[in-house]
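Some notes on the structure that comes next.
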Amino acid sequence: MTELVIIGGGPAGMSAAIAAYEAGIRDVLIIERDEALGGILQQCIHNGFGLHKFGEELTGPEYAWRYEKRVRELGIAFKLGTMVLDISKDKVITATNPEDGMFRIEARAIILAMGCRERSKGALNIAGTRPAGIYSAGTAQKYVNMKGYLPGKEIVILGSGDIGLIMARRMTLEGAKVKMVCELMPFSSGLARNIEQCLNDFDIPLKLSHTVVEIHGKERVEGVTIARVDENRKPIEETREFVPCDTLLLSVGLIPENELSKKIGVKLSPITGGAEVDEKRQTSVPGVFACGNVLHVHDLVDFVSEEAEIAGRAAAEYIMEEVAEMQEYVEIETDGRIRYTVPQKTLRGDDVTVFFRVGNVARNVKINVYSGERLVLTKRKSRVAPGEMESVVLSSEILESAKKLRFCLEEE
Amino acid sequence: MYDITVIGAGVIGGMIARELAKYELKICIVEREGDVAMGATRANSAIVHAGFDAAEGSLKARFNVRGSEMMEKVAEELGVKYKRNGSLVIGFCEEDLKTLKALEERGNKNGVRGLRIVSGEELFKIEPNLSKNVRYALYAPTGAIVCPYELTVAAIGNAMDNGADLKLDFEVTDIRKTDDGYDVISSGETVRTRYVINAAGLYSDRIAAMTGDSSFSVHPRRGEYILLDKECGSLVNTTVFRTPSKMGKGILISPTVDGNLLLGPTSEDMTDKEDRKTTAKGFEKVIKEAAEDVDGIPFNKVITSFCGLRAVGSTGDFIINSPFANFINVAGIESPGLTSAPAIAEYIVGLLEKNGAKLSRKKEHNPIRRPMHYFREASFEEKNEIIKRDKAFGRIVCRCEEVTEGEILEAIRTNPRPRDLDGVKRRTRAQMGRCQGGFCSPYIVELLAREMNIPYEEVTKFGGNSRVNLARTKGEA
Ligand SMILES: Cc1cc2nc3c(=O)[nH]c(=O)nc-3n(C[C@H](O)[C@H](O)[C@H](O)COP(=O)(O)OP(=O)(O)OC[C@H]3O[C@@H](n4cnc5c(N)ncnc54)[C@H](O)[C@@H]3O)c2cc1C
Ligand SMILES: Cc1cc2nc3c(=O)[nH]c(=O)nc-3n(C[C@H](O)[C@H](O)[C@H](O)COP(=O)(O)OP(=O)(O)OC[C@H]3O[C@@H](n4cnc5c(N)ncnc54)[C@H](O)[C@@H]3O)c2cc1C
């Protein structure tokens, strides 16, 4: 029996491990599929990480190293090159690696920190041929930053998610020509600072309300047909335009990797694609916690680390049986304009920070929190966008008197 | 000099080569693409049809029913997945019921066993997720599914293990009569052979014409598909067809042997034999019809879409004949060609004998091939034994389909050897899952480059000019 097993050694997994250790748990094991700790940060060689957490602009590997160093200093155990294949309902983990072969570990508590994967081309149903030269942006990032190869020279990017924006700049710096970034929505899903630094600074056009409707080329991509879309996101025939290129990069969304969570029977949110959790990031299965991109997609790794610390401490409390006696949760609902919150429910007692995302860009709005009919909290924002995660703090007083809270986005 | 040259490494050429490899014959398979199973065999519905579709007395009917009987054993010998899941042709109205009864009758005449019309409770017991508008169905318990490219890779691998040669990137451009047979000519190489078997799919008319036989033509008919995540394969148990009508056969909904859900195909006559584009219209049609037939299909779980071209012969039936001595056409093999393949192969043996070929059985022939996915199907303990011998089986490369480095390396080293990403994909399922190679393809490129001893940037997706990377980055020396 291992007290705490953490699945995934990215920033979430490492932060959670450190927090649990510092809260008194010594028997911690991180299991990581890759040959190194650090998760997706290993290939994010640009800077911009750690502004919130450390007040400095670090690169991805630098940010990850701060945590890896701590993991090593504390002597927290980790297994690399080890893939978790299954977790049973009674917390028996099945994993495999070249040295140990297939093995099983029983855990008292588990923290899920598997990160996310990119949405692939298949999910988009783009018409046309299926040649070489179509990659998700993260795959291209791996070719360029980790392997030292250039997957293409004349590039169109579909989707203005952050990875796409980062790769627009990266490919340009590597000597490729990035012709445009097409975004289906009338706004970008990427961070404002990335649009400025990765597109505008390099004169790469961002075509909002545009999509790729057809892919051309028999063996290698020879071009794409793009078109403007109407309010219902349907392509407008007359606006079809052929753009020659040898590569199409896709940055069309990230999907939390919850295949293992399903095997344990964790309840997932249809909106986030991650587990439904309480303020401690505990899932519907007692003793199973989730944090980082496997829980919901984050834009900033700093918040991943913070979230993971909450999960790590909570797992330690669970193991040490310091869990408060059964109480009723305060449920958190949203109005749809606010798409989701994390956590989705919370116990009373302390102040709780609630993270959320909106579904659409809006200006001069109020985030109103209602307890029944009663307005208990208002936060004003001059602009909200789906690409930027927001948060409010629910004070212990608000929670004390509430049964159910409703988060609403309302006009000024 | 070869005894037999088979043109085309699809399921037809593959099964024929495997069957002939049982005899004392020197066999060569020539294929214009960089891998086997790149034609119709790569993209079809993967159904082992029961045999009630084809007209009584046709070659299609004959080989379909026989092939369907043979398939289970063939699949077992070749170690490929096969599942007898049964099929349903569903009807919504009285008119459909009439057609279903006619199909049942035709099936009975063709020799299909166990056909019956089901309705009401029994129907929904077989297939609980059918739309409530469905009223009747023709149930065919002998309907089955198999993986067509796995079957072909295995058949050709088995032929090669028994001595056959495979020449890839060999596009036949001419065929010349010689004193004792033919010269089969490509731009780079000529193969001398006694007999030629034309199994060139869509191009079988062109191959026949090279010898002076222009008695038939073949045209492409496009079929588009959508494939859903493995989570969705259990939505239906059987293969669900629509009642054929004046509007055509309609699409089918079927689990695949790997547990995905397959929707399609559309049906559209074309002229260009190379046009495998998918279309927005095709997607719409497939989605619309599928949603009418079965409830609760999660269309947000689509992982890929693709298109296949049927080789429709001008005679309306399979064209299997010998227009000249020592030359055999196996042409216009549209559906149910996959199902019929083992039966056609068996028939070709007889046709060769009629053509004067002296056939004697090999003594040391081995019909068995190690199952393609033996590792995947092994128990916990068996896997550990294998990993102990070869650590590469402990390293997962494709995380979605859980394919190990050991399996990939073994596939790269096994006949017929894959030389590109798609070849590895068809043999191991690596890159076939929900992320479609996003995570693992950079590593598989590395394995291919190393095993074939070529530079990283020369690795292709599917041969030719389909290179994955175009250059090194500036940072590298
Ligand atoms: C291209 C890109 C650019 C970004 N830019 C910025 C930026 O500028 N600033 C910023 O703050 N943030 C940025 N981010 C976001 C930040 O990197 C992520 O939010 C953060 O890495 C998420 O951490 P994680 O630990 O949840 O997931 P990951 O880093 O994805 O780690 C998950 C780990 O779990 C492992 N794993 C998964 N399944 C298994 C299993 N079954 N068995 C064993 N191990 C498993 C994986 O191998 C992986 O190492 C960027 C992200 C990307 C992709
Ligand atoms: C949409 C669709 C759905 C189908 N569904 C089913 C089904 O569910 N069940 C069923 O039983 N059947 C089905 N079929 C039919 C089945 O797929 C085919 O009958 C079968 O794959 C034909 O195999 P083949 O070997 O004749 O042709 P192919 O697989 O096309 O092989 C011919 C080969 O010849 C090669 N070639 C061509 N020209 C040359 C040349 N000049 N030199 C060298 N090589 C050459 C090609 O590259 C190709 O590899 C379907 C077909 C389609 C298209």
Side-chain angles (χ1 to χ4, degrees), chain A residues 33 35 81-83 85 94 96-104 117-136 138-139 142-153 173-176 213-220 235 246-247 250 255 257 259 262, chain B residues 226-227 231 274-283 300-307 380-381 383-388 391-396 399-400 402 404-405 421 434-439 441-442 445-446 456-457 460-476:
Chain A
R33 196 184 62 91
E35 299 298 334
T82 307
M83 167 105 177
L85 302 170
T94 307
T96 182
N97 71 32
E99 303 308 321
D100 307 311
M102 302 271 293
F103 63 93
R104 296 196 174 103
R117 64 169 177 271
E118 295 179 275
R119 185 170 309 217
S120 74
K121 167 187 169 275
L124 301 177
N125 280 350
I126 304 175
T129 53
R130 287 163 302 286
I134 305 165
Y135 308 96
S136 58
T139 307
K142 191 157 183 182
Y143 277 122
V144 175
N145 293 352
M146 309 281 288
K147 304 273 176 191
Y149 290 89
L150 206 54
K153 293 181 172 171
L173 294 174
E174 288 295 341
V213 291
E214 191 169 342
I215 296 169
H216 307 269
K218 187 160 179 264
E219 297 184 330
R220 178 82 198 190
D246 58 34
T247 305
L250 303 171
I255 304 170
E257 288 243 277
E259 281 64 39
K262 284 180 204 161
Chain B
I226 294 176
L227 189 78
E231 279 174 30
E274 295 297 315
D275 186 350
R276 290 192 176 77
K277 288 207 266 297
T278 55
T279 63
K281 261 207 226 109
F283 294 133
N300 59 346
K301 293 269 154 66
V302 173
I303 58 175
T304 189
S305 54
F306 58 88
C307 164
F380 187 93
E381 289 73 23
K383 282 184 178 164
N384 262 337
E385 281 303 307
I386 299 170
I387 298 169
K388 221 178 270 160
K391 285 182 180 174
F393 284 89
R395 191 173 296 119
I396 303 271
R399 62 206 255 178
C400 303
E402 292 173 7
T404 66
E405 182 173 313
L421 280 181
R434 40 186 78 90
C435 93
Q436 293 279 296
F439 283 110
S441 53
V445 169
E446 201 169 303
Y456 194 87
E457 66 269 34
T460 65
K461 181 163 155 57
F462 50 83
N465 187 32
S466 66
R467 279 165 58 199
V468 180
N469 285 282
L470 297 183
R472 307 201 71 149
T473 55
K474 292 194 297 185
E476 291 301 299

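So you know, we letter chains A, B, ... as the sequences are listed, proteins then strands, and number each from 1. Basis for what follows: all heavy atoms, side chains included, without hydrogens, waters or symmetry-related copies.
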Heavy-atom pair count under 4.5 Å with chain B, highest-scoring of A:Val213, A:Val144, A:Leu85, A:Thr82: A:Leu85
Trace of the side-chain contact (heavy atoms from CB on, under 4.5 Å) decision for B:Phe393 with A:Thr96: CA-CA 9 Å; B:Phe393 284 89; A:Thr96 182; over 6 Å; no
Interatomic distance, A:Ser120 atom OG to B:Phe439 atom CZ [nearest 0.5 angstrom]: 11.5 Å
Top contributor to chain A interface from B:Arg467, B:Glu231, B:Glu381, B:Arg434 [non-hydrogen pairs under 4.5 Å]: B:Arg434
Straight-line distance of A:Thr129 OG1 to B:Glu274 CD, nearest 0.5 Å: 12.0 Å
Region of A:Lys218 that comes under 4.5 Å of a non-hydrogen atom in chain B: both
B:Phe462 six-ring centre to A:Arg130 NZ/CZ under 6.0 Å and within 45° of normal: no
Point-to-point distance, once rounded to the nearest 0.5 Å, from CZ of B:Phe380 to CZ of A:Arg104: 4.0 Å
Spacing of CD1 belonging to B:Ile396 relative to CZ belonging to A:Arg33, to within rounding of 0.5 Å: 9.5 Å
Part of A:Thr94 within contact of chain B (heavy atom distance under 4.5 Å): side chain
A:Lys262, NZ: over 12 other non-hydrogen atoms inside 6.0 angstrom: yes
Interchain contact, A:Leu173 with chain B, by part (heavy-atom threshold 4.5 Å): backbone
Under 4.5 Å from any heavy atom of chain B - which part of A:Lys153: both
Geometric class of the A:Tyr149/B:Tyr456 ring pair [parallel <30°, tilted 30-60°, perpendicular >60°]: parallel
For A:Arg119, all residues meeting side chain to side chain contact (heavy atoms under 4.5 Å, CB included), sequence neighbours excluded: A:Ala123, A:Val252, A:Ile255
Partner set under salt bridge (Lys or Arg N to Asp or Glu O under 4.0 Å) for B:Lys277, not counting sequence neighbours: B:Asp275
Steps toward side-chain contact (heavy atoms from CB on, under 4.5 Å) verdict (B:Arg395, A:Asn97): CA-CA 5 Å; B:Arg395 191 173 296 119; A:Asn97 71 32; over 6 Å; no
Any donor-acceptor N/O pair, B:Asn465 side chain to A:Glu219 backbone, under 3.5 Å: no
Pick from B:Leu227, B:Ile387, B:Asn384, B:Val302 with the largest number of heavy-atom pairs that fall under 4.5 Å of chain A: B:Asn384
Donor-acceptor under 3.5 Å (A:Tyr135 side chain, B:Val468 main chain): yes
Rounded distance (nearest 0.5 Å) linking atom SG of B:Cys435 with atom CZ of A:Arg117: 7.0 Å
Residue pair B:Gly438 / A:Ser136: nearest heavy atoms and the distance that separates them: CA-OG, 4.4 Å
Selection from A:Ile215, A:Leu124, A:Ile126 maximising heavy-atom pairs under 4.5 Å formed with chain B: A:Ile126
Main-chain N/O of A:Met83 paired with B:Arg399 side-chain donor or acceptor, under 3.5 Å: no
Gap between atom CG of B:Asn469 and atom CG of A:Leu150 - 0.5 Å precision: 7.5 Å
Region of A:Asp100 in contact with chain B, defined by heavy-atom distances below 4.5 Å: backbone
